[in-house]
Structure formats: C-alpha cells, structure tokens
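In what follows, a single structure is set out as structure tokens and then discussed.
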Protein chains: 2
Amino acid sequence: MNIGQASDASGVSAKMIRYYEEIGLIRPMGRTGNNYRVYGEEEVHVLRFIKRARSLGFSLEETETLLKLWQDKSRESAAVKEVATAHIADLERRIAEMQGMVKTLKHLAHCCGGDHRPNCPILDDLAGDSSAPGDSSASGGDAPLPASRRKTKKVA
Amino acid sequence: MNIGQASDASGVSAKMIRYYEEIGLIRPMGRTGNNYRVYGEEEVHVLRFIKRARSLGFSLEETETLLKLWQDKSRESAAVKEVATAHIADLERRIAEMQGMVKTLKHLAHCCGGDHRPNCPILDDLAGDSSAPGDSSASGGDAPLPASRRKTKKVA
DNA sequence: TCTTGACCTTCCCATGATGGGAAGCTCCAC
DNA sequence: GTGGAGCTTCCCATCATGGGAAGGTCAAGA
C-alpha cells in the first residue's frame, strides 16, 4: 500500500502521515525500490487510532502516550484513565471559559438595538464604559492581577 | 508614557503592543528622540478595548473590525451586532463539539476500571474495536465522507 | 515507444497569537 | 561612571495542518 491508499484507508492525509513519521509518532515506514513508503494493515490501524484520538481532542503528545499504552500489553488501565480524565478536565475548563464569553456576549447583543443608529452597548462594554446596570460581574474576564510585578520606578 | 507603562495601564504585554503595531491593528506610535515609543491615554484606551475584545474570544481580525466600528461615529449598531452574533455562533459550535468529546470520554472513562489490569475500553474505542453496547452513536466524529475524491486506479 | 498525468519524494512557507531570548542602545539613580 | 532596568530590533518556538514548488516514478493509452 502506498501513502495515498493508506491515507484513504485511515482518513489521515498523506501530509500528516509524513509529519507523524517525522516527529516520531509513528515509526519510519519501509520503502520500495522507488523510495515510496509502504504501508500494511497494521500501520493503517495505528493511523486510525491516531485519527480517533485527535477527533476526541487529544493532543499529539497525549495521543503518543495513549498509543504507547495501547501497544504495551502490560499497561494498567489506570494510566489510560488518568490521561482521559485529565483531558476531560481540560475540555471542561475550556468549555466553561467559552460559555462565560457566550453569556456575556448574548447579554450585550440582547441589549444592542442592531439597527441603523450608532449607539451600541457592545462597543460600550469593550471600551470599558461599564454603564451596564448591575450585571457587570457577568462580563468577567480581567482577573484583578496584583497590579504589577514590575520593579520599576513607575512614574505613574 | 513608555511602552512599559502603557503595558501596565492596559494589561497588554509590551511584546503584544509592538506586534499589534506591526500588523497594523494600532497606528505606529510617535517616538521620542531616543526612539522610544510614546503613549497617551487614548492609546491605552484602545489597548484596553483590544484586551477586552480578546478576552471575549474575538480574533484579532474581528477585533480590528470592532475597533474600526468603535472609532466610526456614524456606524450602525447592526454591524456590531452582526460581528457579535457570528462570534457567538462560532463559540457555540465549538462548545458543542467539545461537549460531544466530553460526553464520549466520560462514557468511556466510566466504563474503564482504572486499575492495575490492562483491559481498557478507552483504548478499545480508539483502536476501533467498537464492542461498545449500542451507544456508539455518541462516540460520533468521522463524518462518512463520500469515500474518495481520488481519480485513481485504487487497487482497493 | 512516447506522452500524459496521477502519484510519490523532499523542502520551504504560512497560519494565529503569544512568549522567549539575544544583542545592543538609553536613561536614571547612586 | 557604573549598574541595572528598560527600550529597540531581530530571530525562533509553539501546535497541527495545509499549500505549493521542483523533480522522480509508474502505468495506461495513442
């Protein structure tokens, strides 16, 4: 099987297959006399594994860990579960972050006329004109930050 | 005000301030005789605007659009609202995508012993051994794809 | 046999937003 | 005048992926 067929069979682009080889995620493939890479069913299986892991949001680094665990027949499932739960926590953190953005934006968009007039609470918020009623807590972000780690003379 | 003070006042790193100038998001600053950039209150206000927009997930490109609208006193709020609602839709799409991942991962993690034994449904899923009960629809992903846009001989 | 064109190879570049760090200047306080 | 904080520019790295050029290879059809 050439790289094109392996790509079709696995759903991973030829470009990516070469890249995965380059970074050591998969072993260098054997070559035919014409210098073409040769793939077998096992390699395709590995590529599908990678694709599935990526589709679940695992980074290539995490994918590499999972791949090694998969190939290590004496692994402990606890190790796999640990990688998965850490990833779940990361996803949930990012989801919560984006949901916060959505909440704020929906509120602002709701308050915005969306008409021909220039008056716009969305821009007012971005500009820091927090003339919003009491809801400004929802527009979170900007953690207070202890003001300055800088050791400067700070004319301020 | 030097760049360091502007950074402190706006919460945008000096590195980023220079970058924003380089890509044309903000105008090139005036320089003092020693070639230092000089900032005033207005520039800091712009930087804060950018920071706020970024914290709500807007890309730099969207931020640039919003910035121009902000500075265009004859804007129509509809234009602003359009940018915001498109961004909300994008965020919601990405949230849904990640929630799908979380759902699948939680199911798999729940089914995984997480002990010293090698047996692991998480790896089984990644490997494509969908010995999962009926729930395989939730493990979605991989849109069917019309098989192949390739015009090849495809030994298949 | 020659041509065509689909396929393969390597190499370089681009993305988006940010940080790190080097080399060399300026400025200020002591 | 010296030390060090701060400024300047320039280059590189991240993460995963795609685009494209230049050139070699193979197979099918004229």
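The shown structure was predicted, so the numbers you read here are calculated from the model rather than taken from an experiment. Quick note on labels: first sequence line is chain A, next is B, and so on, each numbered from 1.
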Review point. Any donor and acceptor pair, going by atom type alone, linking the side chain of B:Arg75 with main-chain N or O of B:Trp70 inside 3.5 Å?
Key: yes

Review point. Roughly, in whole Å, what's the span from CZ in A:Arg54 to P in D:dG18?
Key: 10 Å

Review point. Taking all non-hydrogen atoms of both residues, which atom of B:Arg27 and which atom of B:Glu21 are closest, and how far apart?
Key: O-CG, 4.1 Å

Practice item. Output yes when a side-chain donor or acceptor of B:His87 lies under 3.5 Å from a complementary backbone atom of B:Leu56, and no otherwise. Key: yes

Study note, to complete from the structure: In whole angstroms, the gap separating C1' of C:dC8 from CG of A:Asp8 amounts to 14 Å

Check your understanding: Between B:Lys68 and B:Glu64, is there a side-chain N and carboxylate O pair less than 4.0 Å apart?
Key -> yes

Revision key, fill the gap. B:Ile17 CD1 to C:dG19 P, in whole Å, measures 11 Å

Practice item. Give a yes/no answer on whether the side chain of A:Arg37 brings an N or O atom under 4.0 Å of OP1 or OP2 in C:dC7. Key: no

Exercise for review: Taking only heavy atoms on the protein side, list every residue of residues 18-36 of chain B lying under 4.0 Å from any atom of DNA chain C, sorted numerically.
Suggested key: B:Tyr19, B:Tyr20, B:Asn34, B:Tyr36

**Study point:** Whole-Å gap separating P (D:dC15) and CZ (A:Arg94)
**Key:** 13 Å

**Study point:** Closest to side chain of B:Lys15, choosing from C:dC8, D:dC10, C:dT10
**Key:** D:dC10

Practice item. Provide, to the nearest angstrom, the distance between the CD atom belonging to B:Glu64 and the P atom belonging to C:dA17. Key: 11 Å

Practice item. Figure out the NZ/P separation between A:Lys51 and D:dA16, and round it to whole Å. Key: 15 Å

Check your understanding: Is it true that B:Glu43 and B:Arg37 have a side-chain N and a carboxylate O under 4.0 angstrom from each other?
Key -> no

**Study point:** Pairwise side-chain contact, B:Phe58 with B:Val83, heavy-atom cut-off 4.5 Å (strictly under)
**Key:** yes

Check your understanding: For D:dT17, does OP1 or OP2 lie under 4.0 Å from any side-chain N or O of A:Ser13?
Key -> no

Practice item. Starting from C1' on C:dG16, measure out to CD on B:Glu62 and report it in whole angstrom. Key: 12 Å

Revision key, fill the gap. Rounded to whole Å, the CG-C1' distance (B:Leu60 to C:dA17) equals 6 Å

Revision key, fill the gap. Minimal heavy-atom distance between B:Ala78 and A:Gly114, with the atoms involved, is CB-O, 3.3 Å

